[in-house]
Amino acid sequence: MRTELTWPDTSDEALLAAVHRVMRAVVALGGAVGYLDPPSRDQTDPWLEEILKAVRDGDARLALARVDGTVQAMGLWRRNPSPVFTRSAELGKIMAHPEARGLGLGARVVSALVDSARAAGIETLELGVRGNNHGAIELYESLGFREWGRLPNVIEIGAERFDDVRMFLDLGREPDVILRGSAPGGPGWSPRRG
């Protein structure tokens, strides 16, 4: 079995079909990747084209894990578009086709995305994961991500509600960056009232 990562920046019919195949299969088994029902090509094709445009603009990277030439897992990071958050990016669409689970593709994809984001100057990666997806939470924790917040019971799947667990990974900063945190002073500062 030969496994490789690829980093596409343009699409063709084969890539569109391969990404759709993975997304559809994951959602069909209840995967938490943003769709309630298995998506159609009318949904996944425009999404992929948008991501690949962001890749070409330097604002995203898409990693595909291929096993013996077949796309079996994927994930991406995408830069926050706000001008005050350009060194922050979100991981998303981390998934493996059901027939490829247990091959370590998720860890490989996420590790590669972390390295890619760091090389692109991203300082902080964040992600959201459904609260009942304990395996994914353990994977992210094993790679250094930490929980920073949790919105209880906000992810809607029919009549059920699940927590949105928010996690982050600090990728480091240039030595001249001043970390002010929540200290008084600086742009936008205001004193406490009372």
Side-chain angles (χ1 to χ4, degrees), residues 3-10 19 31-34 47-66 73-96 104-152 154-155 162-193:
T3 304
E4 67 176 330
L5 288 181
T6 59
W7 302 87
D9 61 4
T10 57
V19 166
V33 294
W47 171 83
L48 181 57
E49 294 293 359
E50 177 188 337
I51 292 302
L52 293 175
K53 181 186 182 313
V55 169
R56 291 188 299 274
D57 291 343
D59 293 326
R61 288 296 303 266
L62 174 66
L64 303 177
R66 296 175 183 268
M74 60 183 279
L76 65 100
W77 64 258
R78 189 167 192 180
R79 190 182 307 272
N80 189 313
S82 172
V84 297
F85 290 105
T86 60
R87 302 251 179 210
S88 175
E90 184 154 7
L91 282 183
K93 301 291 192 258
I94 308 295
M95 65 187 91
L105 299 178
R108 186 164 178 199
V109 165
V110 174
S111 294
L113 288 167
V114 166
D115 292 343
S116 166
R118 186 178 283 117
I122 299 297
E123 296 173 353
T124 306
L125 275 176
E126 64 177 294
L127 60 86
V129 59
R130 194 187 301 168
N132 68 338
N133 195 347
H134 301 283
I137 291 169
E138 287 177 5
L139 166 67
Y140 298 132
E141 288 174 340
S142 76
L143 296 172
F145 284 83
R146 295 187 323 223
E147 181 176 331
W148 65 263
R150 183 180 291 247
L151 286 171
V154 297
I155 298 175
F162 300 91
D163 292 352
D164 180 11
V165 179
R166 304 300 302 177
M167 303 181 82
F168 81 100
L169 179 65
D170 187 332
L171 300 180
R173 290 162 180 78
E174 294 295 324
D176 62 337
V177 171
I178 301 167
L179 301 178
R180 296 194 56 100
S182 298
W189 176 74
S190 66
R192 292 185 180 271
R193 302 193 191 296

S.K.: Identify the two heavy atoms, one from D164 and one from G128, that lie closest to each other, and give their separation to 0.1 Å.
M.R.: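 What the structure gives for the nearest pair is OD1-CA, 3.8 Å.
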S.K.: Distance from L127 atom CG to W148 atom CH2, nearest 0.5 Å?
M.R.: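 One finds 10.5 Å between CG of L127 and CH2 of W148.
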S.K.: Shortest non-hydrogen contact from A183 to W189?
M.R.: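 In this case the closest contact between A183 and W189 is O-CD1, 4.4 Å.
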S.K.: Mind checking what makes side-chain hydrogen bond (donor to acceptor under 3.5 Å, both in side chains) contact with R79, not counting sequence neighbours?
M.R.: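 Checked R79 against side-chain hydrogen bond (donor to acceptor under 3.5 Å, both in side chains); matches are D59.
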S.K.: Holding to side chain to side chain contact (heavy atoms under 4.5 Å, CB included), I want the full list of residues that pass it with W47, two or more places apart in sequence or in another chain.
M.R.: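 Scan of W47 (side chain to side chain contact (heavy atoms under 4.5 Å, CB included), adjacent residues dropped) gives V19, M23, Y35, I51, M74, L76, K93.
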S.K.: Does any non-hydrogen side-chain atom of L113 lie less than 4.5 Å from one of I94?
M.R.: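 Answer yes - side chains close enough.
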S.K.: For L143, give me all partners under side chain to side chain contact (heavy atoms under 4.5 Å, CB included), at least two apart in sequence or on another chain.
M.R.: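 L143: side chain to side chain contact (heavy atoms under 4.5 Å, CB included) contacts with V110, S111, L139, F145.
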S.K.: Kindly indicate whether the side chain of V177, heavy atoms from C-beta on, has any atom under 4.5 Å from the side chain of R87.
M.R.: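 V177 does not reach R87 side chain to side chain.
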S.K.: Write down the atom of G58, the atom of W77, and the distance for their closest heavy-atom approach.
M.R.: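 Scanning both residues, the minimum pair turns out to be O-CH2, 4.4 Å.
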S.K.: Taking all heavy atoms of L5 and all of A112, pick out the closest pair and write down the distance.
M.R.: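 The answer is CD1-CB, 3.3 Å.
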S.K.: Among all residues two or more places apart in sequence or in another chain, which pass the side-chain hydrogen bond (donor to acceptor under 3.5 Å, both in side chains) test with E50?
M.R.: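 Partners of E50 by the side-chain hydrogen bond (donor to acceptor under 3.5 Å, both in side chains) criterion, ordered by chain and then number, come out as R78.
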S.K.: Who pairs with D176 by side-chain hydrogen bond (donor to acceptor under 3.5 Å, both in side chains), at least two apart in sequence or on another chain?
M.R.: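 Applying side-chain hydrogen bond (donor to acceptor under 3.5 Å, both in side chains) to D176 gives none.
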S.K.: Can you measure from CE (M167) to CD (E126) and round to the nearest 0.5 angstrom?
M.R.: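 So the CE of M167 and the CD of E126 are separated by 12.0 Å.
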S.K.: Kindly compute the distance separating CD1 (I122) from CG (D170), expressed to the nearest 0.5 Å.
M.R.: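 Answer rounded to 0.5 Å: 12.5 Å.
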S.K.: Show the numbers, then the answer: is there a side-chain contact (heavy atoms from CB on, under 4.5 Å) between L151 and R166?
M.R.: CA-CA 8 Å; L151 286 171; R166 304 300 302 177; 5.8 Å; no
S.K.: Got a second to check how far L169's CG is from R118's CZ, nearest 0.5 Å?
M.R.: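 The distance works out to 6.5 Å.
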S.K.: Walk me through whether T124 and R173 qualify under side-chain contact (heavy atoms from CB on, under 4.5 Å).
M.R.: CA-CA 9 Å; T124 306; R173 290 162 180 78; 3.3 Å; yes
S.K.: Enter the distance from L62:CG to D9:CG here, rounded to the nearest 0.5 Å.
M.R.: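 Taking CG in L62 and CG in D9, the distance rounds to 10.0 Å.
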S.K.: Strictly distance-based, threshold 3.5 Å: is any side-chain N or O of R130 a donor or acceptor partner for the main-chain N or O of H134?
M.R.: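 No, because the side chain of R130 does not come within donor-acceptor range (under 3.5 Å) of the backbone of H134.
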S.K.: Minimum heavy-atom separation for P184 and R180, please, with both atom names.
M.R.: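 P184 and R180 have their closest heavy atoms at O-NH2, 2.9 Å.
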S.K.: Roughly how far, to the nearest 0.5 Å, is CG of L105 from CG of L64?
M.R.: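 Those atoms lie 11.5 Å apart.
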S.K.: A side-chain contact here means heavy atoms from C-beta on lying under 4.5 Å apart; do N133 and V165 qualify?
M.R.: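 They are not in side-chain contact.
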S.K.: Applying side-chain hydrogen bond (donor to acceptor under 3.5 Å, both in side chains), can you list everything that pairs with S88, at least two apart in sequence or on another chain?
M.R.: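 Testing S88 for side-chain hydrogen bond (donor to acceptor under 3.5 Å, both in side chains), a comparison that skips the adjacent residues, returns none.
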